[in-house]
Amino acid sequence: MTETMGRIGVVAATASGRTAAETLRAAWPDEVRVLTADKAGDALREAWRTCDAIVSFLAVGATVRVLAPLLGHKTTDPAVVCVDESMAFAVAVLGGHHGGNLLAHRLTGVLGCTPVVTTASDRSNVTPLDSYGADLGFTVHDPTVLAHVGAAVLSGEPVRIEGADDWPLPPLPPNVTSGAEDAAHHILVTDHAAMDCMCHDGWFGGALVYRPKSLVVGVGSARGVSAEEVGTLVDQALAAAALDPASVRCLATVDLKADEEGILQAAAARGWEVVTYPAEALAAVAVPNPSEVVRAEVGTPSVAEAAALHGARTHGRDAELVVEKRKSANATAAVARLAPRGRLAIVGLGPGARDLLTPRAIAALQRASVVVGLEQYLDQVRDLIRPGTRVIASGLGQEEERARTAVAEASAGRAVALVGSGDAGVYAMASPALEFADADIDVDGVPGITAAVAASNLLGAPLGHDHAYISLSDLHTPWEVIERRVTAAAEGDFTVCFYNPRSRARDWQLPKALAILAAHRPPETPVGYVRNATRPDQTVTLTTLAELDPARIDMFTVVVVGSSRSRAVAGRFVTPRGYRWA
Ligand code: SAH
C-alpha cells in the first residue's frame, strides 16, 4: 500500500491523540511518521511540506486555519484527514479523491472511527463490496483487500472489474468498469484458482477476488468406496483444471448413491451439499464419455458427467462440462460450470408517499443493475437507485415493450427490477412480464400498497367486507365483459373499487357502471373517491351514489362504491364487518 499512499504525517496535540498516533505508527510502520513540535501548528506545517497525506488529531477548524494559507492545488497538495478526540469520526477534509477518502476508510480499520466523506453525495448509496454477491453465495478470497479496493470504489478512482457480467449482481458505480485498463485496483469474479497465470500482465496483485458458486462436481462410485478415495479424486479433478474448491456449489450424484457414506463424508468434509437425481434424469443427459457397463448396473450410461451437467443446469441456465470423467479404482468424478440464472424482481412502489414504499421494495430496487419502468414512477424513486444502475424508462402505453425488455434483460443473466405504482401485480406489469418469461429466470414479486387499499384507509373502512376490484378501461377488455362483471358485483352486493375509472376519451363507462350498481343498492349508498392518494395533491371525497358527479373523476382517481350495508359514520365510510357481536 506504500505505493498508493506514500508517507503519512500524523499530528497530535492531546494525550489521546498521541496514543492514537502511536497506534497508527504500529499499524503502518512503513508509512507513518509522527511529527512532534512544541506547537501543533508547526508540526502540521512540516507535515504539509514533507508528506503525501496527513492525519490530524486536531479539530477540523484548527487544522484548516493552519493549512489555509498553504493551499495550492488538490492534485499536488497532501490529502488531509481529521480525526476527532473521541476517535468517532475520520473526516476527509482535503484531497478526498487524491487519497483522503481512502485514508479515512483505512483509519476505520485501525481506530474504529467512521469515515466521513463529503466529495460525492451519492457515494453513500454505493453497493457495499463486503456483501457483493453474498446472496448468490459469493465468498471473498482475501478479505484483507476489501477496505483498500472499497475505498477506491467510493473515492471514484478507476477500478477494473472482470467476470461480473456473467452474474445477476447489483450495480457498482461508473468508475468500476471492465474497460479501466490502467486502473490501480481490480475486482475479479472467478472460479479459477490459478491466479498466477493472470499476474503476467501485472494487474492481479492486490485484486479483490470473489469466488462464485459456479461449479457442480459429479461423482459416481462402487458400493463401499472410502471417503478418502472420493475426496482425493475430486480434489485432483478440480486441481487439474485449476478450479477453486470455494466455487463448488454442490456435489451431485445418482439417487442410488444418496446413502453412500464415502461420498457423503467427502462432501461434508469440504462443506458441500450433496444433491441426487433419478437415473432416468441422468440417462437423458448427453455426455462425452458414456458407458454401457454403467448403464446395465445403474440405469444410466453416465453418473459423474451426467450428474455434474444436470446439477449445473438445475441451478443455472446452461451448463458446460469443464472436467471430463476421471477415474480412480472405485470412483468417478467430473465437473460442470453453470451459467447463472438471471433475476427479475417485480416491485410495487406503493401509491406515492415515500413512507409507504416498503423496505423490501427499496432493497429490490438497489439489488438490481437494470431498472425498468414507466418514467413517472421511476422519478418517484430516482434518488434511491444506486450509481451504476442502468435505468430503462418508457412512456405510457408501452407496457408490452417494457415487459419484454425486462424479461429479456433477466434472461440474459442480469438482475432486473421491473417497477410499477401501487402493487405491480394489480392492473400492472407483473402479468404481461410473466406471460413472456421462461422458466430460466428467477422471479421475485415484491408487494406494494395498491391504490384501493391506500384510498380505503383515507376514506375510513369501506373494505370491511367482501369487495371487488374492477377496471373500467376497455382498451384491452371488451366493454361487454366489464359490464357483466359490474352486474355480477351489483347482484352479489360487493363493495366495488373502480380502477382506471374515467379519462377524456372514456367518459361514459363510469356513469354506466354506477347506474348498474344503483339498480341494486339505495341512492344514499356511500361513494368515496380519492385522487392522487398519498401524493402531495391528494384529495379525498365522500359522497353518495345519488350525488356523485362523474365529471370530477379522472385517471388519477380510484372510486369506491359501498355495498347496501355500507354507511357514513361521523363522516367516515364504513362497511360493517358482518359478524353478529355477542
Ligand atoms: N398498479 C396500480 C394500479 C395501476 S392502474 C396499483 O396497484 O395501484 C392505474 C389506476 O390505478 C389509476 O387510473 C387509478 O384508478 C388508480 N391509482 C393508482 N395510483 C393511485 C393513487 N395514488 N391515487 C388514486 N388512484 C390511483
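None of these values were measured; they are calculated from a predicted model. Atoms within a ligand are numbered from 1 in the order they appear, just like the ligands themselves.
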Can you list, by chain and residue number, every protein residue with a non-hydrogen atom closer than 4.0 Å to ligand 1?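 For ligand 1, the contacting residues are Pro351, Ser421, Gly422, Asp423, Val426, Tyr427, Ala428, Thr450, Ala451, Tyr499, Asn500, Pro501, Val530, Asn532, Ala533, Arg535, Met555, Phe556, Thr557, Val558.
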
Pair Asp554 + Arg531, salt bridge at N-O below 4.0 Å: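 Looking at Asp554 and Arg531, the cut-off is met.
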
Identify the residue among Asp244, Thr190, Asp191 that makes a side chain to side chain donor-acceptor pair (under 3.5 Å) with Arg211.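 Single side chain to side chain donor-acceptor pair (under 3.5 Å) partner of Arg211 among Asp244, Thr190, Asp191: Asp244.
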
Mind running salt bridge (charged side-chain N to carboxylate O under 4.0 Å, His left out) on Asp135 and Arg367 for me, showing each step along the way? CA-CA 10 Å; Asp135 60 352; Arg367 177 65 185 74; 2.7 Å; yes

Measure centre to centre between the rings of Tyr210 and Trp167, then say whether the value is under 6.0 Å.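 That pair fails the under 6.0 Å test.
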
Heavy atoms from other residues, nucleotides or ligands near OH of Tyr469 exceed 12 (cutoff 6.0 Å):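 For Tyr469, atom OH is crowded (more than 12 foreign heavy atoms under 6.0 Å).
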
Take Arg402 and Glu399 through the salt bridge (charged side-chain N to carboxylate O under 4.0 Å, His left out) test and state the conclusion after the steps. CA-CA 5 Å; Arg402 203 151 57 234; Glu399 282 77 18; 3.5 Å; yes

